[in-house]
Student: 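Mind looking over this structure? Questions follow.
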Amino acid sequence: MTEARNVGDLSEEAAAAELAALAEILLRANQDYHADDAPQLSDAEYDRLKRRNAEIEAAFPHLKRADSPSDRVGAAPSEGFSKVSHAQRMLSLGNAFDAEEITDFDGRIRKYLGLGPNAPLRYTAEPKIDGLSLSLRYEGGKLVQAATRGDGSVGENVTANARTIDDIPQTLTGAPDLLEVRGEVYMSHADFAALNARQAEAGAKTFANPRNAAAGSLRQLDPAITRARPLRFFAYAWGALSEPLAETQKGAIDRLAALGFKTNPLTALCDGPDEMLAHYARIEQQRASLGYDIDGVVYKVDDLALQHRLGFRATTPRWAIAHKFPAELAWTRIEAIDIQVGRTGALSPVARLAPVTVGGVVVSNATLHNEDYIAGRDSNGNAIRGGKDIRVGDWVQVYRAGDVIPKVADVDLSKRPDDAQPYRFPETCPECGSAAIREEGDAVRRCSGGLICPAQAVEKLKHFVSRGAFDIEGLGAKQVEMFYHDDQLPVRTPADIFTLEARDAKNLTKLANRDGWGETSARNLFAAIEERRRVPLRRLIFALGIRHVGEVAAADLARHYGSWTALAKAVDLAGPAATRQLQADRAVARERQAAAQEGRRARIKPVRDAVWEGLDSAALAAWTDLTGIDGIGATVAVALVTSFQQPAERESIDALVAELTITDAAAPATADSPVAGKTVVFTGTLEKMTRAEAKARAEALGAKVSGSVSAKTDIVIAGPGAGSKAKKAADLGVQILDEDAWLALIDGT
Ligand code: D41
């Protein structure tokens, strides 16, 4: 459309029309680029159009549009596809990198199931395809929906695109009435090379690797484009089902193959870690000749009844793991070492590298972990990399392990510049100038500035809006960063997010008139924020970003206290006890040191007891209750309580809570559970299952599992050998059940 007529020759109408057309094309291009990984315009063409737009605007300043592409930064979040809730969460996979981690994996499973080292336990082993996962829903044998994984709960509806993939059957005969098939969409090496050749010829963007090409092709808004891209599909799992497929993983995969799905021919059954590792070696040998990318081997417990018993933790099944291939390595030079300040104040050194390609991806940063790591020591003072330190100017070998940040494997001392200086780790925060303190026994140096440190405040906000936390649509890391530095409409604490709309209403420079924002995007943002004003307790706790309080601990706390009021009250009460705990830890460390110097045995108990003496009983009770929650140790408890004690932090939390409606921790999916909301304690030996399994099952039924008996305990399950806890329960008149009676109580659930 844009015949390159001289701007000076344009009439006003022609200029306005061209600006309108350019706005539309460039908006579309932005969206293609950011949302679809596969722009339709070459970079050069995009730049040319953007320049043309700027030239016309310069010649006709009064014609500049409110939605001018010149003002636009990035694109709106991908709005092209509708969202799909997965009927069953799409889990992710834990990673392992060496043989030892595989024997550990087997050991954990045996322990959880209470199986001895020689009890038979079978696994499947299959290549891990490097593509993107897709869930296909069949109803009455017809494909009705295809969705990307997304965040595991909500993905994108790509049904029209999936229908163009030959490996995906449109209809099935003899399938369960409801069947969700999960697998990997990928592109073969040959098809990838041919696609890139076509793209290059057409002047369009080429893809860095087959995975990106597959992703870009599947997430095309126009299915005709997807159809022209040679995508393939391997089935490896399932979601919701109206009837079981088989009794084993292998049986289920064979059944999917019989229904017409492609399944990976290198899937094998293995009896234990030795056979798993042997199959891993076989797959690794064939890797180069497979014709498609794989990045490891996935092992899964074969018996589906055992898979069910094992269940999952947070987002990964206990019964499966990905054994990744060793990462590719590359040599490059360190140009600088920067310090990043994280949400908990940790100073993290990052190496800025001369860009280098590692495994198909350009790498320009690598983590350097902490000051000991840079100096060539581990946290115990032992030499790593043969004691070689890392300096600016050094040649280093970097690798990518999984999807994580690249790491440094080695340093080439023979190439070290003569004037290279040992790296001096800063002792003040580079962001706010506060002292950066390294506590004894901690590998990490931390900024002591708390919320006055802008870096900590911004990182805390980014965490606050992240997926497992408030997950506010349209308010990601980038926007948070922008709002933090905005002088007219600042967001410096979580509470500020929830007052944004009200403040905007009073403000003359409305958000809707700012760069990159329009009426609609501002309205959408306010609506998305309103949607999150009601928040489940566990999300709120996690969102606070307290050190050591991850999603699992947050859920444990929410389940135990049930409401924000109860949690806050308990944490406040426990305040003096946490102080004592810190003092006790220090006193014990001093005593250990003194004893070592004097060559005597450390006397820990009297030292510790002396610190706790005279603590008021309410504080002690609250502390015992808090640290009695299974999964909440002293470290988590201290971090939680001390964060509530910091005035700035506390003010920020209180202001936030005042803005919210906190929905109490409802027991999960337990309407008909006889133990929902009850506090139970397991003690003594369990014979039908392990402690970990008993705990996981009780929690799945909505019970709180505690480690200690108190007046609040509802049921004690006492096995043989139960001692003081059973006695205390009897004294308190708490119901005591043996294992069989407990199983009978929860049976059929
Ligand atoms: O080939 C794969 N990429 C692959 C991925 C596979 N063969 N099996 C998988 N199994 C699972 C579970 C055990 C959770 C059903 C997976 C994935 N998950 C997976 N891929 C990406 C996220 C999860």
Side-chain angles (χ1 to χ4, degrees), residues 86-96 102 105 108-109 122-136 146-156 167-168 179-188 209-212 214-215 218 231-241 244-246 248-257 261-270 276 279-280 283-284 286-287 290-304 306-325 402-404 467:
H86 297 297
Q88 250 183 45
R89 254 184 86 78
M90 287 181 83
L91 300 169
S92 41
L93 276 172
N95 285 329
I102 302 309
F105 167 70
R108 272 200 306 279
I109 289 178
R122 180 168 278 188
Y123 297 88
T124 59
E126 68 200 281
K128 181 168 188 299
I129 315 301
D130 195 6
L132 61 154
S133 23
L134 186 68
S135 185
L136 306 169
T148 61
R149 179 169 184 282
D151 66 0
S153 300
V154 178
E156 287 179 321
D167 285 350
I168 294 178
L179 171 62
E180 278 183 8
V181 175
R182 283 159 185 190
E184 203 83 353
V185 173
Y186 67 101
M187 194 179 284
S188 76
N209 53 49
R211 208 201 93 83
N212 287 5
L218 185 66
L231 293 174
R232 299 168 190 243
F233 181 79
F234 274 129
Y236 57 66
W238 55 92
L241 293 171
L245 289 170
T248 60
Q249 175 75 31
K250 183 73 166 62
I253 296 306
D254 289 346
R255 177 89 195 280
L256 292 179
F261 291 94
K262 296 279 190 318
T263 60
N264 197 286
L266 284 169
T267 309
L269 281 170
C270 302
M276 288 148 79
H279 195 59
Y280 174 91
I283 290 175
E284 195 177 24
Q286 299 190 39
R287 181 179 184 187
L290 289 177
Y292 50 85
D293 276 353
I294 63 175
D295 58 350
V297 175
V298 186
Y299 309 118
K300 300 174 185 175
V301 169
D302 188 43
D303 185 328
L304 297 185
L306 294 184
Q307 281 189 6
H308 183 73
R309 276 180 63 192
L310 287 157
F312 47 89
R313 186 167 171 78
T315 60
T316 57
R318 290 196 185 85
W319 45 268
I321 200 162
H323 187 177
K324 294 295 198 74
F325 291 132
D403 310 325
V404 296
R467 265 184 183 166

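Residue numbers start at 1 and run along the sequence shown. All ligand and atom numbering here is 1-based and tracks the order in the structure. The figures here come from the full heavy-atom set of this structure, side chains too, leaving out hydrogens, waters and symmetry mates.
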Student: Show the protein residues that qualify under the rule heavy atom under 4.0 Å from an atom of ligand 1, listing them in chain and number order.
Tutor: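 If the criterion is a heavy atom under 4.0 Å, then ligand 1 touches Leu91, Ser92, Leu93, Glu126, Pro127, Lys128, Ile129, Ser133, Arg149, Glu184, Tyr236, Ala237, Val298, Lys300, Pro317, Trp319, Ala320.
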Student: Are a donor atom and an acceptor atom from the side chains of Gln249 and Gln307 found within less than 3.5 Å of each other?
Tutor: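 On atom types as modelled, these side chains qualify, holding a pair under 3.5 Å.
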Student: So Ile294 and Lys128, do their side chains get closer than 4.5 Å, heavy atoms only?
Tutor: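 Side chain of Lys128 against side chain of Ile294, heavy atoms only: no contact under 4.5 Å found.
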Student: Would you mind reporting whether Asp295 and Arg211 have side-chain heavy atoms less than 4.5 Å apart?
Tutor: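 In short, these two side chains do not touch, never coming nearer than 4.5 Å.
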Student: With the side chain counted from C-beta on, respond yes when Leu266 and Gln286 share a heavy-atom pair under 4.5 Å apart, and no when they do not.
Tutor: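 Counting from C-beta outward, Leu266 and Gln286 do come under 4.5 Å.
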Student: Quick one: does Met90's side chain get under 4.5 Å of Arg182's, heavy atoms only?
Tutor: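 Yes, at least one pair of side-chain atoms sits under 4.5 Å.
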Student: Report the residues that fulfil salt bridge (Lys or Arg N to Asp or Glu O under 4.0 Å) with Arg318, sequence neighbours left out, ordered by chain and then residue number.
Tutor: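 Residues passing salt bridge (Lys or Arg N to Asp or Glu O under 4.0 Å) with Arg318: none at all.
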